[in-house]
Novice: 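Here it is: the structure, laid out below.
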Amino acid sequence: MPETTFLIIDGNSLAHRAFHAIPHLATSRGVTTNAVFGFTSMLFKVLDEIKPDLVAVCFDKGKVTFRHDQYGEYKAHRPATPEDLRPQFPLIKEVLEAMAIPVLECEGYEADDLIGTLVTRAEKEGLSCIILTGDRDALQLVSPMTRVLLTRKGISELEEFNEGRVWERFGVTPDQFADFKGLVGDPSDNIPGVPGIGSKTAAALLKEYGRLEEVVSRIDDLPARQQEKLRDYREQALLSKQLATIERNAPLEIDLDGCRWAGPDYNRLLPVFSRLEFKTFLRTIREKLGQAEDGKDKPSPGEKQLKTHRVPFQQVKRGEDLSLLLQLCRRSGRVALALCGRRGEGPAAAALALQPPEKEGPGPTVHYLDLDAPALRTAALETLGAVCRDPEIEKLLHDGKTALWLLQHHGIPLKNLAFDTMVAAYLLNPADAGRDPADLALEHLDLVLPSRSEEALAARADAIWRLSAVLGEKLRLAEMERLFYEVELPLVGVLAEMEMTGVAVNGERLKEMSRELEGKIAALSRQIYHLAGEEFNINSTRQLGNILFEKLELPVVKKTKTGYSTDASVLEELAGSHPIIPLVLEHRQLVKLKSTYVDGMAALINPATGRLHTTFHQTVTATGRLSSSDPNLQNIPIRMEEGRKIRQVFIPRREGNLILAADYSQIELRVLAHMAGDPNLIEAFRQGQDIHTRTAAEVFGVAITEVTAGMRGRAKAVNFGIVYGISDFGLARDINVSRQEAREYINNYFTRYPGVKDYIDRTIREAREKGYVTTLLNRRRYLPDLFSANRTVRSFGERTAVNTTIQGTAADIIKLAMVRIHRELQEKKLAARMILQVHDELIFDVPAEELPVVQELVRRHMENALVLDVPLVVDMKAGPNWYEVKKIEEPAGEPPRQ
DNA sequence: AACGTCACG
DNA sequence: ACGTACGTGACGTTA
C-alpha cells in the first residue's frame, strides 16, 4: 500500500512570498491580485507534483501570540504587512475554500505552531508529511517522516529538506535547529541570539554538546572568547531558543480526517477565478472539464465530477418541424441565435433559444438545426432565413457582425438585431480580455458551457438568451443604454456592410510597386553591405546593432532590454557620423512599405471581388475607438511622400465613382474645449481660428499676426501633449527644447487656458473616486493603474484617464455620425457606400452624380452628431483615388457657425 | 511568444 | 532620483 501523504502549507509565508515574487497584477476593476495569483500558482504546482491525500493551510491569527508574552520585542522590526497585500488574504482563503482545502487558524498562535501540531499528530498516525513554507524555522520539524519544501527566489523554485539536507546546510540535526537559532538569532523575527556567535561556531558547539542548555551549563569548558560572550548573553540565548521553538501542542480542533482532500471543487472554483480574472486558470479548468466529460481523460480518483450547463434541445429532423419552429419563433417574439461556421462559409449549424411556452424560470427552450445535413439543408436554411428576415422577431446574438457574414453567404439578411452580448460586455468593461460566450456565461451567469459541438451550440444560444437580460440590466444600471442602443448596436450592421462592400484596389499597380521596391531595396542592400564590409541581415536589429556599434564603433545612444536600440530616433542622431546610416533608414522605410503594405495587402485581395475586405473590431480598444485588421486600413501611409503613394491603389468600385474623404478638423481639441468648458479655447474655435496659431499666441505672449512658423510648430506639439496627458519631458524630447523651456510652455498654456487645467485635475480626481472615467456618452473605462503603488504606473494611469475622456468622446461622436449617415444613405437609396473609418475621418465610394447630395449629407451628420459648445468642422476632399483627393470648398454664404 | 520597429489617428 | 507622451496592428527576427 502506498504511503499516505499530508501536505501542510504555511499560508502567511506563501502569501508574502507570492506578493513579492509577482510584480503587479490587478483585475480590470483595480483589485490587486498578485499575491492571490502567485499563491494559487504555487498551490496548483505543488498539489500536482505531490498528489497528497491530506492537505491543510495554516495562517497566523491574532496580533499577539504567546511569544510576545515571553518577549515583547518579538518581530518588532518586522515591517507591517504591505497595504496591497492585506486585502488579498480573504481572497486567498476564498480560493482555498473553493479548492475544498481546510484553512486552520488559532487565536494567539502562528502558522508555524499549527504546522508543528499537525505534524506531531500526523506522525503518530503513521502519515508522512510535507511542509511548504518560506520560513526556515520549519526545518526543526524535519524527521524521517517529514520533509520541508522551502521557497527560494521567485515562485517556481523550491528546495526540499530532509534530515540529510539540513545537516549539510547547517551542520545541525533538525531537532537542534531551535538551539541553533538560540545562538545565532534571527534578525527578521528580531530574535537576538548571542552577538558574535555565527552559524559555524554555533554548529560546532552543538555538535559537541548537543543542546543549548548543555552548552550553557558547561560554559567553563569553552574557549575564553566564547565563554565571555555566552556569560553576557546566557539568558538571551535561552529565550531566543524558546522563541524559535515551534509549539507542537496547539489547541487545534480539527482532526486529521478533516484534512482528507479529494481534489478541487471546480464548480466553486470557476466563479472565484472568474471574479479574480485568472484567465489562464479558467482555461485550464475548462479544458479539464471538457476532457473529463468526454471521457478521454478519466477524472483522477478523488476528483469531483464537473458540472456543466447542459440544456435540453430539440433537434429539428423533419420538414413539418421546421414550419412549427418558425411559428414558435413568431410567438416568442425574440430569438437568441447561435451559429457556427467560419467567415467565407455559410453557417454549418444553428441553435435557436426561444421564450418557453409558460414563462417559468429563466431558461429558454432550445432548437438545433443541422445546416449541413443534405436531406433537410435547403428547407432548414429557408426557415432560418424566414426567422432572420422577419422584422417582428427580435434577434439576440453574440458577435452579430460575424453572424451577418455567415448569413450573407446564403443571401439572408438579418432584421431587428436587438442585442449583441459581445458588444454589451465590451461596454461594461472594455478591458476584459475573454469575451466569448463561455467567458461571459461564467462571469455573468456562473455557468460553465460544454465544449462538445451540438451541446455547445445549444448551450450558447441558451446563454445568449440569459446574458441579454443580465447584460441589458447592467447596461441600464451603468446608464449606457443610449450608447448601446443608439450607437454601438446599430453600428454592428453598419460595420458589416462596410466590410462586405470592401475597398476596390488596383492590383496591377500594386504588383508594379512591388517590383520597383524590390529593385530599390536590392540596390540599397548592396551599398549597405559594401559600407559594412560584409553581408548581413539588415532586418535583424541584433545583426545591425553588431555592425553599427561594434564593427563600426558608432556611439551607443540607447539600449533596449535585449541589446542596442536601432530605432529611427537613434539612427537619426547618428545620421552624420557614418554614411551607412541614411541608407539603413531608407532601407527600413522601403522594406516596411513593401512587406506590410504592397505585398501584405496584395495577399489579402479577395479574388472574387478584387477588393480588400478589412475586419473592423468593435470590441478591442480600451477607449472606444474601432480597430482594423487583415489588412489594417487605418494605418495606410500619408506622412511621407513615398508611402503616401500607396494610396493611389485605393480606387472606387466602378468607373464613374469617386473617393470622398471627410475628416473632422481638430476633433479632439474641440472635444477638450467643450468638456473643459474653457472660455478662451471655446472662443478660439467659435471664431474659426487656427488653433495651433492661437495657442502659439497665447503661450508665447504675442499677437496672432506675430506668430512664426516655428512658434506654431511648438504650440502644435503642446496641443498634442495636452491631449496625451502632458509632461515636460515628453514635450521637450518631441520638440527638442530643454525641459525647463517645455515646463514653461506648459505653465503658460495652463495660465491661458485655466479651464483645461481644472478639467485635467477634476478628471483625475473623479477617476480616483470612482475607479473609472466616462466619455460624453457615458462610455466607461476602468483605470486600476491609478491605484498602483508604483509612481510611474500611477502617472501613466492619470494620463490615460484624461486622454480616454477625449479620445473616447471623439469615438462616440464619429460612431454616432456613421450610424446616421448609413441610415440616410439607405433611406435615400443612394448607391454611395461608406467604406472606411480612420478614427476622425470617413471614406466613401460615391457615384459622381451623387457627390453633391452625399457630401451635404455626410457633412450634416458629422457636424451635428452632438451639439457641443464649439462647432464641429468637417473638411471634405474628393478624387479618383485615395491619393489624389482634392479639397472641396465649404458651402459659401453660410453665416459663421456658432 | 516576445521583442523591436514602424505605419496611422 | 526616477522615467513618461494616448490609442492601435503588422512585420521580421529570435528564442
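Proteins come first, then strands; the chains are lettered A, B, ... in the order of their sequence lines, and each starts at number 1.
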Novice: Would you say the side chains of A:Ser788 and A:Asp785 form a donor-acceptor pair under 3.5 Å?
Specialist: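 On atom types as modelled, these side chains do not qualify, holding no pair under 3.5 Å.
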Novice: Going by distance alone, is a donor N or O of one side chain under 3.5 Å from an acceptor N or O of the other, for A:Glu488 and A:Gln618?
Specialist: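 Indeed, the side chains of A:Glu488 and A:Gln618 share at least one donor-acceptor pair under 3.5 Å.
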Novice: Just checking A:Ala717: base, sugar-phosphate only, or nothing, at a heavy-atom cut-off of under 4.0 Å?
Specialist: base
Novice: Using heavy atoms to find the nearest nucleotide of DNA chain C for A:Ile735 and A:Pro631 separately, return the residue whose nucleotide is more 5′.
Specialist: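 Checking each residue's closest nucleotide, the 5'-ward one belongs to A:Ile735.
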Novice: Can you figure out which of B:dC3, C:dG7, C:dA5 approaches the side chain of A:Lys561 most closely?
Specialist: B:dC3
Novice: Classify A:Ala810 by what it touches in the nucleic acid, base, sugar-phosphate, or nothing, heavy-atom distance under 4.0 Å.
Specialist: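 Counting heavy atoms under 4.0 Å across all strands, no contact is made by A:Ala810.
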Novice: Hey, is the side chain of A:Gln634 pairing donor to acceptor with the base of B:dC8 inside 3.5 Å?
Specialist: no
Novice: Indicate, with a heavy-atom threshold strictly under 4.0 Å, whether A:Thr623 touches base, sugar-phosphate, or nothing.
Specialist: sugar-phosphate
Novice: Which value, in whole Å, describes the distance between the C1' atoms of nucleotides C:dC2 and B:dC6?
Specialist: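 Pairwise C1' distance, C:dC2 against B:dC6, rounds to 28 Å.
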Novice: Does A:Arg733 make a side-chain N or O approach to OP1 or OP2 of C:dT4 shorter than 4.0 Å?
Specialist: no
Novice: Compare side-chain N and O positions of A:Thr541 against OP1 and OP2 of C:dT13 and report whether any pair is under 4.0 Å apart.
Specialist: no
Novice: Do A:His617 and A:Ser629 have side-chain N/O donor and acceptor atoms under 3.5 Å apart?
Specialist: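 Side chains of A:His617 and A:Ser629: pair found under 3.5 Å.
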Novice: Is the charged tip of A:Arg780 near the ring of A:Tyr772: under 6.0 Å from the six-membered ring centre and within 45° of its axis?
Specialist: yes
Novice: Considering only the P atoms, how many Å lie between B:dT5 and C:dA5, rounded to the nearest integer?
Specialist: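 To the nearest whole Å, 14 Å.
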Novice: Could you state the OH-C1' distance from A:Tyr564 to B:dG4, rounded to the nearest angstrom?
Specialist: 16 Å
Novice: Check whether the side chains of A:Ser727 and A:Arg799 place a donor and an acceptor atom closer than 3.5 Å, and report yes or no.
Specialist: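 No, no side-chain donor-acceptor pair sits under 3.5 Å.
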Novice: Closest to the A:Ala622 side chain: C:dA10, C:dG7, B:dG4?
Specialist: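 The answer is C:dG7.
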Novice: Identify which nucleotide among B:dC3, B:dA7, C:dT8 has an atom closest to any side-chain atom of A:Asn635, counting heavy atoms from C-beta outward.
Specialist: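 Of B:dC3, B:dA7, C:dT8, B:dA7 is nearest to the side chain of A:Asn635.
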Novice: The side chain of A:Arg625 lies closest to which of these nucleotides: C:dG7, C:dC6, C:dC11?
Specialist: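 Within the option list, the nearest is C:dG7.
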Novice: Contact class for A:Val838 (heavy atom, under 4.0 Å): base, sugar-phosphate, or nothing?
Specialist: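 The answer is sugar-phosphate, as A:Val838 gets under 4.0 Å only of primed atoms, P, OP1 or OP2.
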Novice: Figure out the OH/P separation between A:Tyr597 and C:dG9, and round it to whole Å.
Specialist: 13 Å
Novice: For A:Val620, answer base if it contacts any base atom (sugar-phosphate contacts may also be present), sugar-phosphate if it contacts only those atoms, and nothing otherwise; contact means non-hydrogen atoms under 4.0 Å.
Specialist: sugar-phosphate
Novice: According to a strict under-4.0 Å criterion, is A:Asn537 in side-chain N/O contact with OP1 or OP2 of C:dT13?
Specialist: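 Yes, because at least one side-chain N or O of A:Asn537 sits under 4.0 Å from OP1 or OP2 of C:dT13.
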Novice: Answer yes or no: does a side-chain N or O of A:Thr560 lie under 4.0 Å from OP1 or OP2 of B:dG4?
Specialist: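 For B:dG4, OP1 or OP2 has a side-chain N or O of A:Thr560 closer than 4.0 Å.
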Novice: Separation of A:Ile636 atom CD1 from B:dC6 atom P, in whole Å?
Specialist: 18 Å
Novice: Return the nucleotide paired to C:dC2: Watson-Crick means purine N1 to pyrimidine N3 with N6-O4 or O6-N4, wobble means G-U with N1-O2 and O6-N3, both under 3.5 Å.
Specialist: none
Novice: Return the 5'-most residue of the pair A:Phe796, A:His617 with respect to DNA chain C, ranking by each residue's nearest nucleotide.
Specialist: A:Phe796
Novice: Report the nucleotide, chosen from C:dT8, C:dG9, C:dT14, that has the shortest atom-to-atom distance to any side-chain atom of A:Gln543.
Specialist: C:dT14
Novice: From the options B:dC3, C:dA5, B:dC6, select the nucleotide whose nearest atom is closest to the side chain of A:Ile726.
Specialist: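 That would be C:dA5.
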Novice: Check whether the side chains of A:Glu884 and A:Asn881 place a donor and an acceptor atom closer than 3.5 Å, and report yes or no.
Specialist: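 Indeed, the side chains of A:Glu884 and A:Asn881 share at least one donor-acceptor pair under 3.5 Å.
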Novice: Is the closest side-chain donor-acceptor distance between A:Asp567 and A:Ser569 under 3.5 Å?
Specialist: yes
Novice: Does OP1 or OP2 of C:dC6 have a side-chain N or O of A:Arg799 closer than 4.0 Å?
Specialist: yes
Novice: Take atom CD1 of A:Ile646 and atom C1' of C:dA10, then tell me their distance rounded to the nearest Å.
Specialist: 14 Å
Novice: Would you please say whether a donor-acceptor pair under 3.5 Å links the side chains of A:Thr805 and A:Thr775?
Specialist: no
Novice: I'd like to know if A:Arg739 reaches the base of C:dT4 with its side chain such that a donor and an acceptor end up less than 3.5 angstrom apart.
Specialist: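 Looking at the base of C:dT4, it does pair with a donor or acceptor on the side chain of A:Arg739 (distance under 3.5 Å).
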Novice: For C:dG7, take OP1 and OP2 only and decide whether either is under 4.0 Å from a side-chain N or O of A:Thr804.
Specialist: no
Novice: Please tell me which of the listed nucleotides, C:dG7, C:dA10, B:dG9, lies nearest to the side chain of A:Arg639?
Specialist: B:dG9
Novice: Select one nucleotide: of B:dA7, C:dC6, C:dA5, the one nearest the side-chain heavy atoms of A:Leu731.
Specialist: C:dA5
Novice: What is the separation between atom CG on A:Leu548 and atom P on B:dG4, rounded to the nearest whole Å?
Specialist: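 From A:Leu548 CG to B:dG4 P: 17 Å.
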Novice: Whether A:Ser565 contacts B:dG4 is assessed here as follows: a side-chain N or O lying under 4.0 Å from the phosphate OP1 or OP2. Is that the case?
Specialist: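 Checking A:Ser565 against B:dG4: no side-chain N or O falls below 4.0 Å of OP1 or OP2.
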Novice: Choose from C:dG12, C:dC6, B:dG9 the nucleotide whose nearest atom is closest to any side-chain atom of A:Ser595.
Specialist: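 The nucleotide sitting nearest to the side chain is C:dG12.
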Novice: In whole angstroms, how far is the P atom of B:dC8 from the CD atom of A:Glu641?
Specialist: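 To the nearest whole Å, that distance equals 12 Å.
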Novice: In whole Å, I'd like the distance from the CD1 atom of A:Ile638 to the C1' atom of C:dT8.
Specialist: 17 Å
Novice: If pairing requires Watson-Crick or G-U wobble contacts with both distances under 3.5 Å, which nucleotide is the partner of C:dG12?
Specialist: B:dC3
Novice: Roughly how many Å is it from CG in A:Leu590 to P in C:dG12, rounded to a whole number?
Specialist: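 To the nearest whole Å, that distance equals 15 Å.
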Novice: Please determine, for the side chain of A:Arg791, which listed nucleotide (C:dC2, C:dT4, B:dC8) has the closest atom?
Specialist: C:dC2
